[in-house]
Amino acid sequence: MFCRVFWTVSALVYGSLVGCELGAPPATPKPRTLGASVPESRRAFPVVELLGQFDPAEHPDFVRIAAPFASKPCMYLRREAAEAFASMAAAAQRDGVALRVLSATRTFAHQKVIWERKWRERAAAMPDPVARARSILEYSSMPGVSRHHWGTDVDLNALENSDFEPGGRHEKVYRWLQQHAHQFGFCQPYTSARATGYREEKWHWSYRPLSGPMLRQYAAQVSDSLLTGFLGAEVAMSLQVIKHYALEVDTSCQ
């Protein structure tokens, strides 16, 4: 049993390095020496990392997610989060539940592509920039605000809440996560139990031992005035995006 679990964890964290998406460098995870650095949960994270302005393929604390739990090549997580997810996915697999990562670390540049595509698509129907931003912010973050920048969060299996509700194709997945994810350090940041912010996302799960400290550092170091360099950035301050979106998460993930 130990060998099978170890192989599963190793397959996720150090899996095949071929077949990556165009533009992603074929980097091998950098080795680390035990005890040679401060645990990630106790580190001071630089603002550029909190804002997603770095390349996870070149970062020594990030590793690539591989099959069978990755839906596509070249997705990364912080090493500690990846190892915790591997353990969780292996446990779920033993219970007949398949966890499949659809999205993991997203850089500022990646999020900018997503945001600006929606910004342009909705321009004709929503000429008012504040209304347009609010519409996009129902499910998509502004660049610099996404928790996916941190390498601690994953989107799993599907991107529609109905898929995880009773009768949905991933009802069993969501029920398993609700019962067991906390045992591996994972929480659902966007639930219905919040006053403001993004709509509920049953597919989005966060590794709290790292994302909790990062959220607190984000609150202390990042302001709306730092959100620049993308279409619609000028409305960030009037919407108080940091307060109402970045910091408005379920208490289990704070």
Side-chain angles (χ1 to χ4, degrees), residues 9 12-13 32 37-54 56 59-63 65 75-89 91-92 99 101 103-108 111 137 139 141-156 174 176-224 226-227 240-254:
V9 173
L12 172 64
V13 179
R32 293 171 61 188
S37 59
V38 177
E40 287 183 297
S41 60
R42 293 172 54 192
R43 289 186 190 171
F45 294 95
V47 171
V48 290
E49 289 189 23
L50 298 176
L51 293 174
Q53 296 172 337
F54 68 100
H59 197 297
D61 293 333
F62 281 73
V63 294
I65 305 171
M75 292 190 293
Y76 290 82
L77 285 174
R78 289 186 181 274
R79 188 181 302 265
E80 183 180 328
E83 291 173 350
F85 177 77
S87 296
M88 181 170 74
L99 300 182
V101 179
S103 185
T105 304
R106 292 202 295 265
T107 63
F108 182 99
Q111 195 67 30
L137 284 165
Y139 289 107
S141 301
M142 283 185 175
V145 184
S146 177
R147 294 171 68 96
H148 284 284
H149 294 332
W150 304 345
T152 59
D153 289 42
V154 290
D155 292 339
L156 299 176
Y174 188 61
W176 191 94
L177 288 167
Q178 286 182 303
Q179 295 172 352
H180 301 289
H182 68 279
Q183 299 168 0
F184 302 90
F186 284 86
C187 56
Q188 182 187 344
Y190 306 127
T191 67
S192 59
R194 295 169 298 115
T196 62
Y198 309 106
R199 291 183 180 270
E200 181 176 20
E201 295 184 353
K202 295 179 184 292
W203 58 85
H204 187 144
W205 292 81
S206 181
Y207 182 61
R208 186 184 184 188
L210 290 181
S211 64
M214 294 186 84
L215 180 66
R216 291 188 288 274
Q217 292 184 38
Y218 188 96
Q221 298 183 63
V222 180
S223 64
D224 294 323
L226 294 181
L227 303 178
Q240 296 183 278
V241 171
I242 301 299
K243 176 182 179 181
H244 294 304
Y245 292 90
L247 305 184
E248 187 62 43
V249 298
D250 190 273
T251 55
S252 68
C253 281
Q254 294 176 355

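Quick caveat, the model's predicted, so the values are computed rather than measured. Position 1 is the first residue of the sequence, and the numbers go up from there.
One N or O on the side chain of Asp224 and one on the backbone of Ile242 form a donor-acceptor pair closer than 3.5 Å.
Across Leu99 and Trp176, no two heavy atoms sit closer than the pair CD1-CZ3, 4.4 Å. The shortest non-hydrogen separation linking Tyr139 to Glu200 is CE2-O, 3.7 Å. The heavy-atom pair separating Leu51 from Gly144 by the smallest distance is CD2-O, 3.4 Å. Summarising the geometry of Arg199 relative to Tyr190, their closest heavy-atom pair is O-CB, 3.8 Å, with the distance given to 0.1 Å. Taking all atoms of both residues into account, the shortest heavy-atom contact from Val101 to Met75 is O-CE, 3.3 Å. Taking every heavy atom of both residues into account, Trp205 and Pro189 meet most closely at CA-CD, 4.2 Å.
Of the residues listed (His149, His59, Arg43), the one engaging Glu49 in a side chain to side chain donor-acceptor pair (under 3.5 Å) is His59, and it is the only one.
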Dump the intermediate steps for side chain to side chain donor-acceptor pair (under 3.5 Å) on Tyr207 and Glu83, then the final yes or no.
CA-CA 10 Å; Tyr207 182 61; Glu83 291 173 350; over 6 Å; no
For Leu177 and Leu156, what are the C-alpha separation, side-chain angles and deciding distance, and is it a side-chain contact (heavy atoms from CB on, under 4.5 Å)?
CA-CA 10 Å; Leu177 288 167; Leu156 299 176; 4.1 Å; yes
Apply side-chain contact (heavy atoms from CB on, under 4.5 Å) to Arg147 and Leu215, showing your working.
CA-CA 9 Å; Arg147 294 171 68 96; Leu215 180 66; 4.2 Å; yes
Check the pair Tyr218 / Met214 against side-chain contact (heavy atoms from CB on, under 4.5 Å), numbers first and verdict last.
CA-CA 6 Å; Tyr218 188 96; Met214 294 186 84; over 6 Å; no
Check the pair His204 / Asp153 against side-chain contact (heavy atoms from CB on, under 4.5 Å), numbers first and verdict last.
CA-CA 7 Å; His204 187 144; Asp153 289 42; 2.6 Å; yes
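The NZ atom of Lys202 lies 6.5 Å from the CD atom of Gln188; values are rounded to the nearest 0.5 Å. A distance of 13.5 Å separates CZ of Arg208 from CZ of Phe186, quoted to the nearest 0.5 Å. Between Leu247 atom CG and Arg194 atom CZ the span is 12.0 Å, to the nearest 0.5 Å. Atoms OG and CZ, on Ser141 and Phe108 in that order, are 12.0 Å from each other to the nearest 0.5 Å. Atom CZ of Arg216 is separated from atom CD of Gln254 by 9.5 Å, given to the nearest 0.5 angstrom.
His244 places none of its side-chain heavy atoms less than 4.5 Å from the side chain of Glu248. Side-chain contact between Phe54 and Val48 is absent, with no heavy atoms from C-beta onward closer than 4.5 Å.
With sequence neighbours excluded, the residues forming a side chain to side chain donor-acceptor pair (under 3.5 Å) with Ser103 are Arg106, listed by chain and number. Residues that satisfy the side chain to side chain donor-acceptor pair (under 3.5 Å) test with His148, not counting sequence neighbours, are Asp155.
Side-chain rings of Tyr245 and Tyr198 approach one another, their centers coming within less than 6.0 Å.
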